[in-house]
> 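Okay, handing you the structure first.
If you're wondering where the values come from, they're calculated on a predicted model, not measured in any experiment.
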Amino acid sequence: MKKSISLFILFIALAFSLTNCRETKEEKAEDAIEEVEDGIEEAGEEVEDAAKDVEEEIDGAIDDN
C-alpha cells in the first residue's frame, strides 16, 4: 500500500512538472509573438510617417512650380 501511494504521488509530481514546462514554453512563445507583433506595428508606423513626409515634400515641390 505504501508503494502504491508513493508511486501515485510520484506520478502526480511528474505530471505537474511536465504541465509546468509546457506552460512555460507556451508563455515564452506567446511573449515572442507579442514582441514580433509590437515590432511590426512600430515598423508600420515608421513607414506611415515616412510616407507622410514624402507626400509633404511632393506637395511642397508642386506648390513651388
> Does Ile40 sit in a hydrophobic cluster with other residues, and if so which ones, taking ILVMFWY side chains as linked at heavy-atom separations under 4.5 Å, directly or through other members?
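Ile40 shares its hydrophobic cluster with Val36.
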> Taking only residues two or more places apart in sequence or in another chain, which ones pass side-chain contact (heavy atoms from CB on, under 4.5 Å) with Ile33?
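With neighbours one apart ignored, the set is Glu37.
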> Say you draw a straight line from CD of Glu56 to CG of Asp59; how long is it, rounded to the nearest 0.5 Å?
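Output value for this atom pair is 8.0 Å.
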> Just verifying a value: how many Å separate Glu42 CD and Glu45 CD, rounded to the nearest 0.5 Å?
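Result: 7.0 Å between the selected atoms.
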